[in-house]
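Accompanying notes for the structure given below.
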Amino acid sequence: MTQKILAKLMSFAGINKLGLFKIAIASSFLVIVPQGQVKAALLTVANNSFETPVITNPSGSISSTGLVGGWTFAGAQQGFFNPSLGETFSPGFGYGPSPVLPDGNQVAYSNGGTISQTLSATLQTNTVYTLGVYVGRRQNVAFAGYNIELLAGNTVLASNNSVTPAAGSFGYVTVDYTSGISVTPGQALQIRLTSNGVQTNFDNITLDAASIPEPSAILGLLGFGLLGIASKLRQKQ
């Protein structure tokens with residue numbers, strides 16, 4: 001992109017000294033030229049769609065406490081849920097006779113308390129983080145509400161609870177955070193899912209990280225150099 005701009009400026013100037021001076025003036029205003037943003041990297045979230053442990057219970061659910069399947073369950077009754085098994089066991093139990101889930105066959109359920117995971121990735125400078133979570137609302141249970149948080153260490157960076165899915169469906173919720181030029185090193189990123197009561201389901205948890213590149217000052221430096229050249233040429237006239 002920079003080379004194309006310079007080629008157009010040189011074509012405009014030709015061999016005219018005044019034209020060269022115009023290049024210097026024009027390019028000096030291009031000190032900051034944003035570069036294309038680096039493609040987002042998908043950070044590792046263990047068991048992100050709650051497919052393990054595999055549910056064989058005919059009711060379609062198992063209760064969990066503590067660290068299970070990469071997630072820490074704390075608080076009220078929570079665990080893993082297979083809506084297809086649940087529908088067979090008790091029709092109208094969750095998401096209809098042919099449930100369409102965001103990913104896989106299982107989801108997490110929470111009747112209150114938190115489901116969390118601390119990642120191996122740490123908070124980096126100049127990075128845009130996007131946490132994505134599918135929030136489910138069962139057909140046969142009142143929706144209690146929820147909160148989704150992204151943390152670094154014990155500090156909450158951002159949260160969201162604004163999306164209310166329709167009964168028997170999932171809604172996609174994102175939590176966005178942009179870090180600054182300086183962060184405390186070594187802070188592990190953490191995902192925390194909270195249900196305000198009976199019941200909220202969660203599925204397909206993802207976390208993207210896209211670094212923000214430094215702006216280019218190449219044209220700005222060139223502009224100052226051309227200003228010097230133009231000044232010398234004018235002195236020789």
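Numbering of residues begins at 1 and proceeds along the displayed sequence.
For Ser63, the side chain to side chain donor-acceptor pair (under 3.5 Å) partners at least two apart in sequence or on another chain are Gln77, Tyr109. The salt bridge (Lys or Arg N to Asp or Glu O under 4.0 Å) check on Glu51 picks up nothing, with sequence neighbours excluded. Phe170 is linked by a ring-ring contact (aromatic ring centres under 6.0 Å, His included) to Tyr95, counting only residues two or more places apart in sequence or in another chain. Remark: Tyr172 engages Tyr134 in a ring-ring contact (aromatic ring centres under 6.0 Å, His included) (not counting sequence neighbours). Under the rule for a side chain to side chain contact (heavy atoms under 4.5 Å, CB included), Ala76 has no partner lying at least two apart in sequence or in another chain. With sequence neighbours excluded, no residue forms a side chain to side chain donor-acceptor pair (under 3.5 Å) with Ser64. A search for side chain to side chain donor-acceptor pair (under 3.5 Å) contacts involving Gln199 returns Asn111, Arg138, Asn201, not counting sequence neighbours. Tyr177 is linked by a ring-ring contact (aromatic ring centres under 6.0 Å, His included) to nothing, counting only residues two or more places apart in sequence or in another chain. Judged as a salt bridge (Lys or Arg N to Asp or Glu O under 4.0 Å), and not counting sequence neighbours, Arg137 has no contacts. Shown here are the side chain to side chain donor-acceptor pair (under 3.5 Å) partners of Asn147, two or more places apart in sequence or in another chain: there are none.
Follow the hydrophobic side-chain contacts under 4.5 Å out from Leu207 and you reach Ile148 in the same cluster. Grouping the Ile, Leu, Val, Met, Phe, Trp and Tyr side chains by contacts below 4.5 angstrom, directly or via other members, places Ile62 apart from Val54. Grouping the Ile, Leu, Val, Met, Phe, Trp and Tyr side chains by contacts below 4.5 angstrom, directly or via other members, places Phe202 with Phe143. No single ILVMFWY cluster, assembled from side-chain heavy atoms under 4.5 Å apart, contains both Leu101 and Val141. Cluster annotation: Val128 and Val173 are assigned to distinct hydrophobic clusters (Ile/Leu/Val/Met/Phe/Trp/Tyr, side-chain heavy-atom contacts under 4.5 Å, transitive).
Judged purely by atom type and a 3.5 angstrom limit, Asn48 has no side-chain atom pairing as donor or acceptor with the backbone of Asn204. Thr155 places no side-chain N or O within 3.5 Å of a backbone atom of Leu151 that could act as its donor or acceptor partner. Not one N or O on the side chain of Asn82 forms a donor-acceptor pair closer than 3.5 Å with the backbone of Ile55. No donor-acceptor pair closer than 3.5 Å links the side chain of Thr88 to the backbone N or O of Gly86. Using modelled atom types, no side-chain atom of Glu87 and backbone atom of Ser84 make a donor-acceptor pair closer than 3.5 Å. Without hydrogens or angle criteria, Asn47 side chain to Thr52 main chain gives a donor-acceptor distance under 3.5 Å.
Among pairs with a residue in residues 57-77, those fulfilling ring-ring contact (aromatic ring centres under 6.0 Å, His included) read Phe50-Trp71, Phe73-Phe80, at least two apart in sequence or across chains.
Annotation: the span from Leu123 atom CG to Leu157 atom CG amounts to 6.0 Å, rounded to 0.5 Å. Separating the OG atom in Ser179 from the CG atom in Asn126 is a distance of 6.0 Å, to the nearest 0.5 Å. Atom CG of Asn57 is separated from atom CG of Leu85 by 8.5 Å, given to the nearest 0.5 angstrom. Atoms OG and CD, from Ser211 and Gln124 in turn, are 10.0 Å apart once rounded to the nearest 0.5 Å. From Ser90, atom OG reaches atom CG of Asn140 across 7.0 Å, with rounding to the nearest 0.5 Å.
Evaluated for a side-chain contact (heavy atoms from CB on, under 4.5 Å) with Ser49, the options Thr206, Val107, Asn105, Asp103 yield exactly one hit, Asp103.
What you find for Phe81 and Ser61 is that their closest heavy atoms are CD1-CB, 4.2 Å. Looking at every heavy atom in both residues, Thr127 comes nearest to Ala209 through CG2-CB, 3.9 Å. Residues Ala166 and Ser169 share a closest heavy-atom pair of O-OG, 2.7 Å. Leu43 and Ala121 get closest at one heavy-atom pair: CD1-CB, 4.0 Å. The heavy-atom pair separating Thr174 from Asn160 by the smallest distance is O-ND2, 2.9 Å.
The shortest distance between side-chain heavy atoms of Gln117 and Thr72 does not fall below 4.5 Å. At least one side-chain heavy atom of Leu131 sits less than 4.5 Å from a side-chain heavy atom of Ile205.
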List the atom pairs, with distances to 0.1 Å, where a side-chain N or O of residues 189-196 and a protein N or O form a donor-acceptor pair under 3.5 Å, not counting sequence neighbours.
residue, atom, partner, partner atom, Å
Arg192, NE, Glu149, OE1, 2.7
Arg192, NH2, Glu149, OE1, 3.2
Arg192, NH2, Glu149, OE2, 3.4
Ser195, OG, Ser110, O, 3.2
Ser195, OG, Gly197, N, 3.4
Ser195, OG, Gly197, O, 2.7
Ser195, OG, Thr200, OG1, 3.0

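For the residue pair Asp208 / Thr130, no side-chain donor-acceptor distance below 3.5 Å is found, with atom types taken as modelled.
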